[in-house]
K.L.:
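First the structure, which I've put down as structure tokens, then a few questions once you've had a look.
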Amino acid sequence: MRAVVLEGPGRISLEDVRDPAPGPGEALIDVKVAGICGTDLQLARGYMGFTGIPGHEFVGTVAVVNSHADKLLIGARVVGEINIGCEECALCAEGLQRHCGRRRVLGILGKEGAFAERLTLPIRNLHAVPGTISDSQAVFIEPIAAALEILDQVVVARSERILVLGDGKLGLLVAQALATRGSDVTVAGHHEAKLALARELGLKAVTPAGLSGTRPFDLVVEATGRPEGLDLALTHVRPRGTVVMKTTSQGPAAFEAWRAVVNEITLVGSRCGRFEPAIEALVSGDIKVDPLVTAELPLDDGMAAFDKAREPGALKVLLRVAR
């Protein structure tokens with residue numbers, strides 16, 4: 001099969017590789033569309049020392065299952081949770097496979113990813129995609145789940161003033177997710193076209209300079225993907241407020257820890273989330289993703305797709321694998 005392969009920092013190529021074989025309890029999935037996210041760009045720069053096939057946002061069709069009991073899944077259009085736990089530890093028993101110490105993560109850690117014609121995942125990780133959701137929309141289910149995870153971790157009141165730092169695709173999804181609580185949500189970023197899109201989505205939007213002199217916020221979400229993002233978040237949160245750390249970046253974060261101590265700030269790390277509310281948010285239209293698609297390229301143009309995704313004005317770049 002064809003696949004986009006990371007061979008090391010800055011080294012991306014299209015290769016013919018061996019088809020994956022589903023193990024017990026797994027399904028072989030024909031990938032239809034996959035999305036390039038900020039983590040993929042970080043991996044391409046050397047984050048986590050990853051080599052292999054990246055990609056964890058996808059929609060595909062079940063082609064093969066190993067269990068007769070799961071035969072009805074064949075032909076189903078699905079998305080998949082990306083964390084594969086050991087299913088033996090206490091965390092997995094609690095349903096927290098994403099925190100399993102022996103987990104593999106699709107396209108990120110120990111598991112070949114979705115920028116390929118086929119992939120395998122445990123059947124327990126799969127979720128059927130309703131017919132009202134298009135392929136390009138379904139690719140957003142994983143990042144929407146990550147955005148909505150904040151609402152599972154933090155009590156968000158309607159009266160709260162919220163700041164989302166970062167006008168990229170994750171920042172815009174997070175802002176929409178938080179706005180479903182009726183809160184006053186502001187997006188801050190450097191790209192006027194993205195800020196204009198935020199306004200079209202019903203959000204307030206400013207440049208970092210526009211935050212000067214504003215009253216501190218109750219909740220600040222760091223979604224910049226930059227090492228200095230956390231320090232900026234601590235600058236704009238009120239005493240005894242909450243900062244949610246939503247993005248990872250290559251290299252250590254630089255911040256003044258005294259801000260968190262003296263102002264008694266609650267710091268919340270936030271990563272993957274549940275797929276069920278993400279699917280519901282797409283079906284209901286509470287979160288809109290169509291305006292976030294910058295381009296769609298075929299898998300054969302995978303290197304060009306990465307280049308496109310790196311452009312300052314880009315949001316989501318999709319790889320079309322199969323029709």
Side-chain angles (χ1 to χ4, degrees), residues 1-3 17-35 52-146 148-149 152 271-283 299 318-323:
M1 68 174 184
R2 296 169 302 150
V17 301
R18 181 175 298 181
D19 280 28
E26 289 191 329
L28 178 69
I29 298 161
D30 291 330
V31 178
K32 294 170 69 67
V33 181
I53 304 170
H56 55 276
E57 302 173 359
F58 78 93
V59 60
T61 304
V62 176
V64 176
V65 294
N66 274 334
S67 167
H68 181 75
D70 298 311
K71 292 290 186 183
L72 291 178
L73 284 174
I74 293 176
R77 194 168 58 117
V78 296
V79 291
E81 297 190 35
I82 68 176
N83 295 282
I84 306 166
C86 70
E87 298 302 317
E88 297 175 354
C89 68
L91 286 167
C92 285
E94 293 178 36
L96 294 173
Q97 288 84 354
R98 60 184 180 272
H99 293 297
C100 171
R102 290 183 283 168
R103 71 184 179 275
R104 295 174 293 150
V105 186
L106 182 71
I108 297 174
L109 179 66
K111 178 68 174 177
E112 300 286 29
F115 297 158
E117 292 181 299
R118 286 170 283 281
L119 60 81
T120 60
L121 270 179
I123 289 170
R124 64 177 177 269
N125 284 49
L126 303 181
H127 295 260
V129 178
T132 54
I133 298 176
S134 70
D135 288 343
S136 60
Q137 293 169 336
V139 170
F140 284 87
I141 290 172
E142 194 277 334
I144 291 173
L148 289 168
E149 171 69 0
D152 279 349
R271 190 166 57 98
C272 299
R274 298 179 296 121
F275 274 37
E276 293 86 354
I279 293 170
E280 291 172 8
L282 273 178
V283 170
L299 180 66
L318 304 178
L319 284 173
R320 170 66 65 173
V321 182
R323 294 290 173 185

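Keep in mind that the numbers below use all heavy atoms, side chains included, and drop hydrogens, waters and symmetry copies.
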K.L.:
On a heavy-atom basis, which atom in Ala27 and which in Val62 lie closest, and how many Å separate them?
P.N.:
CB-CG1, 4.2 Å

K.L.:
Quick check: do Val33 and Leu319 have side-chain heavy atoms less than 4.5 Å from each other?
P.N.:
no

K.L.:
Applying side-chain contact (heavy atoms from CB on, under 4.5 Å), run through Val17 and Glu112 and close with a yes or a no.
P.N.:
CA-CA 11 Å; Val17 301; Glu112 300 286 29; over 6 Å; no

K.L.:
Given side chains that start at C-beta, do those of Arg77 and Val59 come closer than 4.5 Å, heavy atoms only?
P.N.:
yes

K.L.:
Which residue, Ile82, Ile84, Asn83, forms the side-chain contact (heavy atoms from CB on, under 4.5 Å) with Arg104?
P.N.:
Ile84

K.L.:
SG/Cys89 to CZ/Arg102 distance, rounded to the nearest 0.5 angstrom?
P.N.:
6.5 Å

K.L.:
Charged N to carboxylate O below 4.0 Å: is that the case for Glu81 and Arg98?
P.N.:
no

K.L.:
Any heavy-atom pair between the side chains of Val65 and Lys71 that's under 4.5 Å?
P.N.:
yes

K.L.:
What do the steps show when you test Glu142 against Phe275 for side-chain contact (heavy atoms from CB on, under 4.5 Å), and what is the final call?
P.N.:
CA-CA 7 Å; Glu142 194 277 334; Phe275 274 37; 3.9 Å; yes

K.L.:
If I take atom CG from residue Leu299 and atom CG from residue Leu318, how far apart are they, to the nearest 0.5 angstrom?
P.N.:
12.5 Å

K.L.:
Can you name the nearest heavy-atom pair linking Ala128 to Pro130, along with the distance?
P.N.:
O-CD, 3.6 Å

K.L.:
Do the side chains of Lys111 and Glu26 get close enough for a salt bridge, i.e. N-O under 4.0 angstrom?
P.N.:
yes

K.L.:
What's the separation between atom CZ in Phe115 and atom CZ in Arg2, rounded to the nearest 0.5 Å?
P.N.:
14.5 Å

K.L.:
Looking only at heavy atoms, which two atoms of Gly80 and Leu126 are closest? And how far apart?
P.N.:
CA-CD2, 4.2 Å

K.L.:
Are His99 and Glu94 close enough that some pair of their side-chain heavy atoms sits under 4.5 Å apart?
P.N.:
no

K.L.:
How far apart are the C-alpha atoms of Asp30 and Glu117, what are their side-chain angles, what is the distance that settles it, and do they pass the side-chain contact (heavy atoms from CB on, under 4.5 Å) test?
P.N.:
CA-CA 6 Å; Asp30 291 330; Glu117 292 181 299; over 6 Å; no

K.L.:
Please examine the side chains of Ile123 and Leu73, heavy atoms only from C-beta on, and report whether any two atoms are closer than 4.5 Å.
P.N.:
yes

K.L.:
I would like to know whether Arg274 and Leu148 meet side-chain contact (heavy atoms from CB on, under 4.5 Å); could you show each step before the answer?
P.N.:
CA-CA 8 Å; Arg274 298 179 296 121; Leu148 289 168; over 6 Å; no

K.L.:
I'd like to check Phe58 versus Leu119 (side-chain heavy atoms, cut-off strictly below 4.5 Å). Are they in contact?
P.N.:
yes

K.L.:
Any side-chain heavy atom of Val129 sitting closer than 4.5 Å to one from Ile279?
P.N.:
no

K.L.:
Side chains of Arg271 and Glu149: does their closest heavy-atom pair fall under 4.5 Å?
P.N.:
no

K.L.:
Test side chain to side chain donor-acceptor pair (under 3.5 Å) on Glu87 and Gln97 and set out the steps.
P.N.:
CA-CA 7 Å; Glu87 298 302 317; Gln97 288 84 354; 3.0 Å; yes

K.L.:
Could you tell me which non-hydrogen atom of Val321 sits nearest to which non-hydrogen atom of Ala116, and how far apart they are?
P.N.:
CG1-O, 3.7 Å

K.L.:
To check you understand the geometry: which heavy-atom pair defines the closest contact between Ala34 and Ala114, and what is its length?
P.N.:
CB-O, 3.8 Å

K.L.:
What heavy-atom pair brings Thr120 and Pro20 nearest, and what distance separates the two atoms?
P.N.:
CG2-CB, 3.8 Å

K.L.:
For the side chain of Gln137 and the backbone of Ser134, is there at least one donor-acceptor N/O pair under 3.5 Å apart?
P.N.:
yes

